[in-house]
Student: 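Pasting in a structure now, in structure tokens, and then I'll have a few things to ask.
Letters A, B, ... are given to chains in the order of the sequence lines, protein chains preceding strands, and every chain is numbered from 1. Predicted model only: the values in this text are computed from it and were never measured.
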Amino acid sequence: MLQLQVIRDKKDALIIALKKRNIDASPLLENVLQLDEKRRTTQSKLDNTLAESNKLSKEIGMLFKSGKAQEANILKEKTAGLKEDSKRLGDELNATAEELKSVLYQIPNIPNDLVPAGNTEDDNEEVYKEGDIPTLDTDALPHWELAKKYDIIDFELGVKITGAGFPVYKGKGARLQRALIAYFLDKNTEAGYSEIQVPHLVNEASGYGTGQLPDKEGQMYHVGADDLYLIPTAEVPVTNIFRNVILNESDFPICYTGYTPCFRREAGSYGAHVRGLNRLHQFDKVEIVRVEHPSSSYAALDGMVEHVKTILRELKLPYRILRLCGGDLGFTAAMTYDFEVFSTAQDRWLEISSVSNFEAYQANRLKLRFKDEKGKNQLAHTLNGSSLALPRVLAGILENYQTSEGIKVPEVLIPYCGFDIIN
RNA sequence: GGAGAAAUGGCAGAGUGGUCGAAUGCGGCAGUCUUGAAAACUGUUGAGGGUCACACCUCCGGGGGUUCGAAUCCCUCUUUCUCCGCCA
């Protein structure tokens, strides 16, 4: 959520910046300012009424104490009208505040200056590319065929147990999956991220805190009986650790890494492009989350990007990095870098990581602040990224490492797997 | 799941209808003293709204109610603790 003060101060600049997302924010922002104005006048009317009623109450108290019940009762009558007024003004204030909040929730984050304009993923800007795309035999298979051939992932079994998009990993497939998780976590902790295990279900307040609610309500699985949501990413529980927290400057930087399964309804996406591991309802992911001082959040973002690079370099997977354009940028992000690995047999790029700076947008919802050197509370910046999302990394490994003898295991993973080929 | 107790500032812990945003202790910060540090002493120390700045308003787990007036009384939800039951 954007800060009211920022909207008040720089409305026109915000409208221009939000054009990159192809939205005309001016009606929304106007509405915000109008509601804010109304909120403040109502608030001040209410405050005055309450002040008067507080004053009378004190007088009544003193009169009763000094035995002047008669006079006190006269004053009591005067308070009746004030009570009605404050009730009415209070209701009005609440309604206005609610309305204001709901409009604020509809405004996405302001894209960073570096974010290119554009509508679709075709307008994303490739900023980096590394690794050689292997030349495969003509009979090379896509990963879902390989999974079947070597019996390491069973999609049909998942359909039987749960439904489409819930694969079952078997034997060396399961072991490879576990190896990847352990390897990612080790790399992250070596880089200074502390490992953490968090709940896989979150409450409504957490959903609002990181911005999944109300914007992406339909993307999360909701457990009605307990009113909880299955997490779509570890970002939600990990970042919400800091909801309603006031940090000291010396606490920065805060770096966490956690492995969790992720659950996404993916309503409306069907077809060939979601085959195999390309898009699932349940998948595993290792996430990195940082909380930073505003002055260093972009350095932190760069650091996260460099870190993810080292992992892909070690896995020897061909990848590229895109800076997302305004139209493709997530609702809450100010800037995002997507990592894509080349899936050779499918001849397409697969997104395997998304690293974002949310600046103060999430912090404003979370009320995540720190005391600056002047002792004033300021909003912190939050960031997160995948390091990495498992299924598509697995798809990339299976396809790019396939040989006529079987699928070779990337060297760095051999110690984690205990085998060097899947055949 | 059943029975009972509780929830107050960074922490501990007073406060059962009026001047309580809240005693006291610890911790934090600043100062005095000291070559420096410790100790001691002095002062200061929650958040939000509002204002040029004050004033003023709100917040004692969340929500609602009673009352001229609620941290204090009532209802409700949540959480924690104790006992019982169940259980990986």
Student: Show every donor-acceptor pair shorter than 3.5 Å between a side-chain atom in residues 325-338 of chain A and any protein atom, with sequence neighbours excluded, or say none if there are none.
Tutor:
{"from": "A/Asp328", "atom 1": "OD2", "to": "A/Asn124", "atom 2": "ND2", "distance (Å)": "3.0"}
{"from": "A/Thr336", "atom 1": "OG1", "to": "A/Ser356", "atom 2": "OG", "distance (Å)": "2.7"}
{"from": "A/Tyr337", "atom 1": "OH", "to": "A/Arg323", "atom 2": "NE", "distance (Å)": "3.4"}
{"from": "A/Tyr337", "atom 1": "OH", "to": "A/Arg323", "atom 2": "NH2", "distance (Å)": "3.2"}
{"from": "A/Asp338", "atom 1": "OD1", "to": "A/Ser354", "atom 2": "OG", "distance (Å)": "2.8"}

Student: Who passes salt bridge (Lys or Arg N to Asp or Glu O under 4.0 Å) against A/Asp151, sequence neighbours left out?
Tutor: A/Lys170

Student: Just list the side-chain donor-acceptor pairs under 3.5 Å for residues 93-101 of chain A, sequence neighbours left out, or say none.
Tutor:
{"from": "A/Thr96", "atom 1": "OG1", "to": "A/Glu92", "atom 2": "O", "distance (Å)": "2.8"}

Student: What is the distance from atom NZ of A/Lys58 to atom CE of A/Met62, rounded to the nearest 0.5 Å?
Tutor: 8.5 Å

Student: For residues 283-296 of chain A, tabulate all N or O donor-acceptor pairs below 3.5 Å that involve a side-chain atom, not counting sequence neighbours.
Tutor:
{"from": "A/Asp284", "atom 1": "OD1", "to": "A/Tyr259", "atom 2": "OH", "distance (Å)": "2.6"}
{"from": "A/Asp284", "atom 1": "OD2", "to": "A/Gln177", "atom 2": "NE2", "distance (Å)": "2.9"}
{"from": "A/Lys285", "atom 1": "NZ", "to": "A/Thr233", "atom 2": "OG1", "distance (Å)": "2.9"}
{"from": "A/Lys285", "atom 1": "NZ", "to": "A/Glu287", "atom 2": "OE1", "distance (Å)": "2.6"}
{"from": "A/Arg290", "atom 1": "NE", "to": "A/Glu292", "atom 2": "OE2", "distance (Å)": "2.9"}
{"from": "A/Arg290", "atom 1": "NH1", "to": "A/Tyr193", "atom 2": "OH", "distance (Å)": "3.2"}
{"from": "A/Arg290", "atom 1": "NH2", "to": "A/Glu292", "atom 2": "OE2", "distance (Å)": "2.9"}
{"from": "A/Glu292", "atom 1": "OE1", "to": "A/Ser296", "atom 2": "OG", "distance (Å)": "3.3"}
{"from": "A/His293", "atom 1": "ND1", "to": "A/Ser295", "atom 2": "N", "distance (Å)": "3.0"}
{"from": "A/His293", "atom 1": "ND1", "to": "A/Ser295", "atom 2": "OG", "distance (Å)": "2.8"}
{"from": "A/His293", "atom 1": "NE2", "to": "A/Glu249", "atom 2": "OE2", "distance (Å)": "3.1"}
{"from": "A/Ser296", "atom 1": "OG", "to": "A/His293", "atom 2": "O", "distance (Å)": "3.2"}

Student: Looking across every strand, which nucleic acid part, if any, lies under 4.0 Å from A/Lys371 by heavy atom: base, sugar-phosphate, or nothing?
Tutor: sugar-phosphate

Student: Under the salt bridge (Lys or Arg N to Asp or Glu O under 4.0 Å) rule, collect the residues that match up with A/Arg39, sequence neighbours excluded.
Tutor: A/Asp36

Student: Does A/Asn377 reach a base, just sugar-phosphate, or nothing at all? Heavy atoms under 4.0 Å.
Tutor: sugar-phosphate

Student: Below 4.0 Å from chain A heavy atoms, what is the first contacting nucleotide of RNA chain B and what is the last?
Tutor: B/G18 to B/G69

Student: So which nucleotide does B/U78 pair with, by the Watson-Crick or G-U wobble rule with both distances under 3.5 Å?
Tutor: B/A7

Student: Any base atoms under 4.0 Å from A/Asn73, or only sugar-phosphate, or nothing? Heavy atoms, all strands.
Tutor: nothing

Student: Heavy atoms only, 4.0 Å cut-off, all strands: where does A/Thr79 land among base, sugar-phosphate and nothing?
Tutor: sugar-phosphate

Student: Could I get the full list of salt bridge (Lys or Arg N to Asp or Glu O under 4.0 Å) partners for A/Asp186, not counting sequence neighbours?
Tutor: none

Student: Could you work out, with salt bridge (Lys or Arg N to Asp or Glu O under 4.0 Å) as the rule, every residue matching A/Glu314, not counting sequence neighbours?
Tutor: A/Lys187

Student: Students often get this wrong, so: under 4.0 angstrom with heavy atoms, is A/Leu50 touching a base, only sugar-phosphate, or nothing?
Tutor: sugar-phosphate

Student: Just name whichever nucleotide pairs with B/C59, Watson-Crick or G-U, keeping both distances under 3.5 Å, else none.
Tutor: B/G46

Student: Under a 4.0 Å heavy-atom cut-off, which of residues 199-209 of chain A touch RNA chain B?
Tutor: none

